[in-house]
Asks: 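Got a structure for you, questions after.
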Amino acid sequence: MLSSIKTMFLILAATFTFGFTYFCLKSDIFQELYLAKFNSKLQHRQSIFYRTNPDCHPAEAIKCKNELFRLMNKLRKRVSLDQDENLPKCPEIPPDLGPLDIKFAYNMSLLKIISQNPNLQPGGHSRPKYCTALQKIAIIIPFRNRESHLRTWLYYMHPFLQQQQADYGVYVVEQTEDTLFNRAKLMNVGYSVAIKDYNYTCFIFTDVDIIPMDGRNLFRCSDNPRHMANSVDKFNFKLPYNDIFGGIVAFTKEQFIKVNGFSNVFWGWGGEDDELFQRVVAMGMKVERPDQTIARSKMISHKRDPGNESTGKSFHLIKKAHERLHKDGLNSLIYTIISITSHKLYTKITVDIGNGEDASSTEGILNLFNL
Ligand code: BGN
């Protein structure tokens with residue numbers, strides 16, 4: 001009698017312990033605690049690195065920082081919630097997609113967005129619960145001083161991507177210095193960091209201020225690079241010119257490597273996307289676009305950002321895209337990671353990409369090619 005009470009007690013205790021552990025692992029609180037611990041561990045690691053490497057001379061800064069980045073990256077483990085590899089494949093076209101009501105009038109708080117997306121994993125990752133996605137998608141957003149646009153993007157795009165049954169992660173790449181903005185170089189950095197984070201197969205490079213108005217505009221890669229902002233309200237839902245390749249583009253890993261990524265030498269506004277179009281054509285690919293009726297998108301209207309003025313050099317650079325493509329891009333990318341932080345809604349990459357005065361700068365490249 002006594003021994004059967006003992007056994008029952010043991011079974012109860014084991015069930016409770018198991019249930020409680022499972023609850024903790026699944027709960028948001030646990031994830032937040034894990035993240036806080038993870039980020040403070042990173043900071044701790046960073047401060048030890050600087051203390052133990054006092055001779056990190058400024059001339060060696062890039063080498064030192066990259067070494068630090070390598071160390072920190074070792075620590076960056078993707079926190080994966082039980083992924084069942086035996087799940088059936090997701091359908092090519094997810095169900096229940098259609099027009100969306102996009103209004104920019106909301107005053108979104110990050111907490112609200114977090115509470116509306118309970119299934120997100122740290123760093124703004126998500127994958128479908130009941131099927132295995134056909135592609136693994138990294139979303140790369142170049143960024144500087146656009147907090148409210150980012151909140152709007154996160155508010156609309158997390159539900160959009162989850163509705164599309166995407167296995168995805170969001171990477172916000174922030175340029176630190178006050179020098180001219182370099183959208184294309186930030187895209188290359190986002191790609192280079194994301195590729196080490198997870199086995200992504202598809203990379204979607206998007207501005208922070210464009211929101212698709214229809215869930216059927218699938219954020220996916222295809223046999224050719226894709227341009228998905230081909231029907232924007234700002235341009236009256238038409239292509240302003242045939243070769244436009246701005247706003248949102250999608251490349252498989254192979255396609256992006258084939259074009260050697262974006263050019264690194266476009267400082268300031270305009271032209272880097274037109275140059276990428278030339279790279280695609282030069283490498284024998286063509287640009288695909290979704291049907292214009294389902295690709296309708298809204299752009300948040302705003303003034304040109306200070307620090308993103310046009311230099312007037314783009315036209316000249318685009319003309320020489322074919323000559324430069326194998327020398328200027330992913331294979332000549334120089335940058336220094338300042339930090340990589342896993343937020344609940346996205347992974348933030350803060351990066352020093354220089355000021356255009358190094359060898360990979362506009363002037364450097366112009367000299368290199370005697371232009
Ligand atoms: C074009 C820009 C593109 C931009 C589109 C839409 C240039 C190059 C000039 C030689 N191209 O004019 O970068 O995506 O407008 O805004 O500036």
Side-chain angles (χ1 to χ4, degrees), residues 92-94 97 133-142 164 166 168 183-188 190-192 194-195 200-207 210 212-232 234-266 270-297 299 314-333:
E92 293 256 357
I93 314 275
L97 301 176
L134 304 177
Q135 302 186 6
K136 295 185 186 341
I137 305 165
I139 313 270
I140 316 284
I141 308 175
Q164 290 192 352
Y168 71 96
R183 175 180 180 271
K185 197 166 177 182
L186 293 174
M187 298 295 201
N188 283 344
Y191 167 86
S192 307
I195 198 92
Y200 290 113
T201 55
C202 173
F203 294 81
I204 300 192
F205 302 94
T206 176
D207 287 339
I210 301 188
M213 296 162 70
D214 196 311
R216 290 171 295 175
N217 186 0
L218 286 183
F219 268 41
R220 298 280 193 274
C221 285
S222 181
D223 294 342
N224 284 287
R226 300 183 69 222
H227 178 225
M228 278 122 84
N230 56 327
S231 180
V232 181
K234 181 180 170 187
F235 300 121
N236 225 358
F237 302 109
K238 294 193 180 92
L239 285 182
Y241 54 98
N242 275 341
D243 298 354
I244 190 164
F245 202 41
I248 313 170
V249 295
F251 284 75
T252 62
K253 183 180 165 188
E254 293 72 27
Q255 290 160 0
F256 200 59
I257 290 173
K258 204 167 176 181
V259 297
N260 196 16
F262 279 84
S263 160
N264 295 311
V265 302
F266 283 77
E272 77 296 337
D273 43 2
D274 301 319
E275 206 264 10
L276 186 64
F277 187 97
Q278 295 306 324
R279 288 176 179 236
V280 170
V281 176
M283 293 314 293
M285 296 183 283
K286 59 178 189 171
V287 164
E288 290 180 19
R289 294 192 170 105
D291 186 293
Q292 256 180 336
T293 51
I294 61 160
R296 289 162 74 89
S297 312
M299 194 182 256
S314 299
F315 180 70
H316 194 49
L317 288 168
I318 296 165
K319 269 204 327 201
K320 302 275 178 181
H322 295 224
E323 286 171 36
R324 231 185 17 257
L325 120 79
H326 297 291
K327 294 185 179 153
D328 161 30
L330 289 178
N331 66 357
S332 67
L333 181 64

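What you see is a predicted model, and the numbers here were worked out from it, not measured in a lab.
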Asks: Checking Thr293 now: which residues fulfil side-chain contact (heavy atoms from CB on, under 4.5 Å) with it, not counting sequence neighbours?
Replies: Asp291
Asks: List for me each residue that meets salt bridge (Lys or Arg N to Asp or Glu O under 4.0 Å) alongside Arg220, sequence neighbours excluded, and say none if there are none.
Replies: none
Asks: On a heavy-atom basis, which atom in Arg279 and which in Gly329 lie closest, and how many Å separate them?
Replies: NH1-CA, 4.3 Å
Asks: Hey, is the main chain of Lys136 close enough, under 3.5 Å, to the side chain of Thr201 for a donor-acceptor pair?
Replies: yes
Asks: So which heavy atom on Leu218 is nearest to which on Pro94, and how close?
Replies: CD2-CD, 3.8 Å
Asks: Does any non-hydrogen side-chain atom of Phe251 lie less than 4.5 Å from one of Leu276?
Replies: yes
Asks: Check Pro290 against Ala295 and note the closest heavy-atom contact, atom names and distance.
Replies: CG-CB, 3.7 Å
Asks: Atom SG in Cys202, atom CZ in Arg226: separation rounded to 0.5 Å?
Replies: 8.5 Å
Asks: Just jot down the side chain to side chain donor-acceptor pair (under 3.5 Å) partners of Asn230, sequence neighbours excluded, or say none.
Replies: none
Asks: Applying side chain to side chain contact (heavy atoms under 4.5 Å, CB included), run through Val265 and Leu317 and close with a yes or a no.
Replies: CA-CA 9 Å; Val265 302; Leu317 288 168; 4.0 Å; yes
Asks: Checking the side chain of Gln135 only, and the main-chain atoms of Cys221 only, is there a donor and an acceptor separated by less than 3.5 Å?
Replies: yes
Asks: Ignoring hydrogens and angles, write down the donor-acceptor pairs under 3.5 Å from the side chains of residues 236-246, residues two or more places apart or on other chains.
Replies:
unit_1	atom_1	unit_2	atom_2	d
Tyr241	OH	Asp274	OD1	2.6
Tyr241	OH	Asp274	OD2	3.4

Asks: Show your reasoning for whether ring-ring contact (aromatic ring centres under 6.0 Å, His included) applies to Phe262 and Phe205.
Replies: CA-CA 11 Å; Phe262 279 84; Phe205 302 94; 5.7 Å; yes
Asks: Check this for me: does any side-chain nitrogen of one of Glu254 and Lys258 sit under 4.0 Å from a carboxylate oxygen of the other?
Replies: no
Asks: How many angstroms lie between atom CG of Asn331 and atom CG of Leu325, to the nearest 0.5 angstrom?
Replies: 9.0 Å
Asks: Verify side chain to side chain contact (heavy atoms under 4.5 Å, CB included) between Gln278 and Lys320, making sure each step is shown before the conclusion.
Replies: CA-CA 9 Å; Gln278 295 306 324; Lys320 302 275 178 181; over 6 Å; no
Asks: For the backbone of Leu97 and the side chain of Gln164, can you confirm whether one donor and one acceptor N or O come within less than 3.5 Å of each other?
Replies: no
Asks: Can you check side chain to side chain contact (heavy atoms under 4.5 Å, CB included) on Leu333 and Tyr191, steps first, answer last?
Replies: CA-CA 11 Å; Leu333 181 64; Tyr191 167 86; over 6 Å; no
Asks: Measure the CG-CZ distance between Asp273 and Phe266 for me, rounded to the nearest 0.5 Å.
Replies: 9.0 Å
Asks: In Å and rounded to the nearest 0.5 Å, what is the CE to OG distance from Met187 to Ser192?
Replies: 13.0 Å
Asks: Test side chain to side chain contact (heavy atoms under 4.5 Å, CB included) on Ile318 and Phe277; report intermediate values, then the result.
Replies: CA-CA 9 Å; Ile318 296 165; Phe277 187 97; over 6 Å; no
Asks: Rounded at 0.5 Å granularity, tell me how far NZ in Lys234 sits from OG in Ser297.
Replies: 13.0 Å
Asks: Do any N or O atoms from the side chain of Gln255 and from the backbone of Ser222 form a donor-acceptor pair under 3.5 angstrom?
Replies: yes
Asks: Do side-chain atoms of Arg296 reach the backbone of Met213 as a donor and acceptor pair under 3.5 angstrom?
Replies: no
Asks: On a heavy-atom basis, which atom in Asp328 and which in Asn264 lie closest, and how many Å separate them?
Replies: OD1-N, 2.9 Å
Asks: How many angstroms lie between atom CD1 of Ile139 and atom CZ of Phe219, to the nearest 0.5 angstrom?
Replies: 6.0 Å
Asks: Under the side chain to side chain donor-acceptor pair (under 3.5 Å) test, which residues partner Arg183, sequence neighbours left out?
Replies: Asp207, Glu272
Asks: So which heavy atom on Ala194 is nearest to which on Ile140, and how close?
Replies: CB-CD1, 4.1 Å
Asks: Can you sort out the partners of Ala229 under side-chain contact (heavy atoms from CB on, under 4.5 Å), two or more places apart, ordered by chain and number?
Replies: Ile210, His227, Val232, Ile248
Asks: Would you confirm whether Asn224, through its side chain, and Glu288, through its main-chain N or O, come within 3.5 Å as a donor-acceptor pair?
Replies: no
Asks: Looking at side-chain heavy atoms only, is the closest gap between Pro212 and Met228 below 4.5 Å?
Replies: no
